[in-house]
Amino acid sequence: SKHRRRPIAKQVKMDIKNVKLNISLLFIFFLSSSYTAYSLAQTNAQIRKNSLIPKENPFTVKASLVRYWNKQISNKLPKPDFLFSKASPLSAADSAFFTNLATQKSLSGHISAFCSSAKLFCFSESNPYLDKTPSKDANFAVYNNKKFATYGSGRLGGGDGFKNYSDGINFATGEFTKYSRSSTGHHEDFTSYAADGNVATGNFTSYAAGATGGGGTFQSYMPRVNVPDLRFASYDSDGNNHKLSFNNYVGDTNSGREFFISYAKNGNGVPAEFTTYGDTSNVIGSSFNGYGESGNAANDSFKAYSSNSNNPNNNFKNYGSGGNSGIDSFESYRDAANAGSDTFTSYARGSNTGKVNFLNYGKSFNEGKDIFKGYGSQGAKFPSVGFKVYGVNNSFKEYSPKGVNFAGYTKKTGSLKTSGKTVNKLVEEGKFFRESMLKEGTVMKMPDIRDKMPGRSFLPRTISSKLPFSTKELTELKSIFHAQENSTMEHVIGNTLAECERAPSPGEKKQCVASIEDMIDFAVSILGHNVVVRTTDNVAGSKGEVMIGTVKGINAGRVTKSVSCHQSLYPYLLYYCHSVPKVRVYQADILNMDTKAKINHGVAICHVDTSSWSPGHGAFMALGSGPGLIEVCHWIFENDMTWAMVD
């Protein structure tokens, strides 16, 4: 044959190769089919599983908030969980229900349900009375929120102890009406009363009235309380030598007030001792109206009263008027305080041989203001008044021309100087620091960054926008939240409204926001839509020595602007937000001093321009400088936050 045939061996090899190829193709097809079947099975299983999971109601507060965030914020960064966790817990149905009540101005009738469902800070100042007279001494340790009506009245000897009473609780209240009235030789001891509470109120009406002998001791009373509110009405009136001692009373508190109305009126030899009263407190106010009026041989001592405090305000009206042989001593009163003012109106008016001694009075770090109107005048007989080493900026009107001695009176020669040690005592160590401290390896004291406000939630904007929010509408707000006249709740609401209505500082833009949507709008109006919000991760390291780890400057550490938001005390969650120009923002790892392990991730803000700050600002007291001379840094505390443009 002319055609040559392939060798058999070669043909067999080709056939084997084709068989292998076919087998490989079949195997690949099998694997592909199996995977497709598996994938289809998994997809069907997921579909079945998802069908069992209820979809989130698009009408909930959180769902609405997510949509609003996506609309207003242009970047795709993760949403801030710490901010979203503060959203209202109200369900869609509850939100609609309470919105309708707010629209109709009918929330007051459902305030209990509203406060509970919306997680608000509401409280009633009406608690059950402990209405009994004990036959033996009583020890009230770790006891909370009671009313003691006519308790201990007519007791003969003995004593009652209130130790760690209402300690560490959010709203501490105690009412001691007619307590120990007409008793003889009865002692009362209030030790560590309502310590570390957020809002504490005490009402001592007709306390120890007509009592003979004995005494009352208030030691470490309401220390470190956020808003103390105390009333001593007709306390020790008509009493006979019932001694009262106030030691470390309302120290380290914030924005409180105390009323002493007709205290020791018509009393006989009623001594009162105020030692370190209101020490290192912020904006403390005391009113002594008719204190010791018409008393006989009253002996009152104010030692280190309102010392080292910030802007204390005290009002003595008709104090010691008509008294006989009264002795009052003001020693180191308002010493090293920041600003502050005292008013003595008709003090010791019409008294007989009254003696008053002011030693180291009003030697404030920054000048305060004192007004003496009708002091020791108008019918006073043989007054003896001594001012020894007295502060500046005082006004004496209608003052008794006789029996007054001014020794070592400080003339106005500029701001008062104090040592760095004394100045530093005014401000917690570590609260303010220099920018140079923010570098890896620095050891520094961390201030107490814990949030001491009560836990609350924002209201949905649909509700908050329908509630009154101005001092002009205070009466309506009191009605909604059942705040009684001159009550602590009225004081809380009024204080916050006044701060929100305060005119902004030069160059500052500010707004109080009652919803997350309002906060977003304010931040966007200042910084634009491409923003991010940050806070310190936790409170680890608080009040201790820490080491700074890795530090990162936001926007490469360039000077920028930010929006800072701080909590305000109010029934619902409310933030005071304000623009902060010319700042540098940093993030820093915070390390354990011993192990060098990371325990926190802090956010710090450094104010580059401090030229518009008050000379009495706590930062300058702590760091020893003045406005415009240094930059000032501080940490962002728990639940506070700062907004900045995205890196």
Side-chain angles (χ1 to χ4, degrees), residues 62 65-66 69 73 75-87 89 119 198 428-435 437-458 513 516 519-520 523 527 530-557 560 562-568 573 575-578 580 583-607 632-647:
K62 187 175 181 180
L65 178 59
V66 168
W69 180 277
I73 307 301
N75 60 71
K76 301 301 179 184
L77 293 172
K79 295 176 177 60
D81 290 336
F82 72 89
L83 178 58
F84 275 52
S85 67
K86 304 178 191 304
K119 194 185 175 184
N198 190 52
E428 182 185 9
E429 186 180 355
K431 186 174 183 179
F432 300 104
F433 52 91
R434 301 294 300 274
E435 193 172 14
M437 299 286 285
L438 286 171
K439 61 183 180 183
E440 191 169 356
T442 297
V443 174
M444 63 187 299
K445 180 71 178 289
M446 193 79 167
D448 187 358
I449 64 171
R450 295 173 299 170
D451 176 18
K452 296 180 181 178
M453 291 283 188
R456 296 153 296 155
S457 293
F458 278 114
V513 298
I516 297 180
M519 184 184 288
I520 293 171
L527 305 170
N530 194 18
V531 293
V532 62
V533 59
R534 299 179 176 91
T535 190
T536 298
D537 279 3
N538 53 62
V539 298
S542 184
K543 300 180 71 175
E545 295 280 339
V546 297
M547 179 176 286
I548 302 299
T550 303
V551 179
K552 176 189 175 185
I554 304 304
N555 290 313
T560 182
S562 70
V563 169
S564 290
C565 296
H566 316 277
Q567 282 192 78
S568 294
L573 188 56
Y575 274 83
Y576 173 90
C577 295
H578 61 121
V580 187
V583 297
R584 281 191 279 263
V585 182
Y586 294 91
Q587 295 184 99
D589 289 338
I590 298 171
L591 313 180
N592 179 278
M593 278 284 295
D594 299 323
T595 65
K596 307 300 184 291
K598 177 182 172 182
I599 57 174
N600 203 344
H601 187 70
V603 177
I605 184 168
C606 293
H607 301 263
V632 172
C633 304
H634 62 84
W635 297 106
I636 298 297
F637 284 22
E638 181 186 21
N639 285 324
D640 288 348
M641 61 196 80
T642 184
W643 296 73
M645 292 176 281
V646 170
D647 254 324

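What's counted below: heavy atoms across the whole structure, side chains too, no hydrogens, waters or symmetry copies. Here, residue 1 is the first one in the sequence, and each next residue gets the next number.
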Is there side-chain contact between [X] and [Y], with at least one heavy-atom pair below 4.5 Å?
X: V513; Y: C565; value: no
X: L83; Y: W69; value: yes
X: M437; Y: I548; value: no
X: R534; Y: M641; value: no
X: K86; Y: N639; value: yes
X: I590; Y: W635; value: yes
X: W643; Y: I520; value: yes
X: I554; Y: T560; value: no

Least distance between heavy atoms, [X] atom then [Y] atom:
X: I636; Y: T535; result: CG2-OG1, 4.0 Å
X: D594; Y: N592; result: N-OD1, 2.8 Å
X: M593; Y: E545; result: CG-O, 3.1 Å
X: N75; Y: V531; result: ND2-O, 2.9 Å
X: H634; Y: F433; result: CA-CE2, 3.7 Å
X: M547; Y: V443; result: CE-CG2, 3.9 Å

| query | Can N600 and D537 be counted as having a side-chain donor-acceptor contact under 3.5 angstrom? | reply |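 Distance-only check fails for N600 and D537.
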To the nearest 0.5 Å, what is the distance between [atom1] on [X] and [atom2] on [Y]?
X: R584; Y: N555; atom1: CZ; atom2: CG; result: 12.0 Å
X: S85; Y: I516; atom1: OG; atom2: CD1; result: 8.0 Å
X: K452; Y: F637; atom1: NZ; atom2: CZ; result: 9.0 Å
X: K431; Y: C633; atom1: NZ; atom2: SG; result: 15.0 Å

| said: Taking D589's backbone N and O only, do any of them form a donor-acceptor pair with T550's side chain (distance below 3.5 Å, no angle check)? | reply: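 Such a contact is absent between T550 side chain and D589 backbone.
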| request: Could you tell me whether the side chain of T642 and the main chain of S564 form a donor-acceptor pair under 3.5 Å? | output: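 Not at all, since once roles are kept as given, no pair shorter than 3.5 Å links the two residues.
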| request: Quick one: do H566 and H578 satisfy side chain to side chain contact (heavy atoms under 4.5 Å, CB included)? Show the steps, please. | output: CA-CA 9 Å; H566 316 277; H578 61 121; 3.3 Å; yes
| task | Going by the side chain to side chain contact (heavy atoms under 4.5 Å, CB included) test, name the single residue among V585, V632, L438 that passes it with C606. | result |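 In the set V585, V632, L438, the residue that makes a side chain to side chain contact (heavy atoms under 4.5 Å, CB included) with C606 is L438.
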| With a cut-off of 6.0 Å (strictly less than), are more than 12 heavy atoms of other residues, nucleotides or ligands near NZ of K543? |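 Atom NZ in K543 is not crowded, with 12 or fewer foreign heavy atoms closer than 6.0 Å.
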| field | Heavy-atom neighbours of K439 NZ exceed 12 at 6.0 Å | value |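 Counting other residues, nucleotides and ligands, NZ of K439 stays at 12 neighbours or fewer.
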| message | Per the salt bridge (Lys or Arg N to Asp or Glu O under 4.0 Å) rule, what does the pair list look like for residues 637-647, sequence neighbours excluded? | response |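 Applying salt bridge (Lys or Arg N to Asp or Glu O under 4.0 Å) to every pair that reaches into residues 637-647, excluding sequence neighbours, yields K552-D647.
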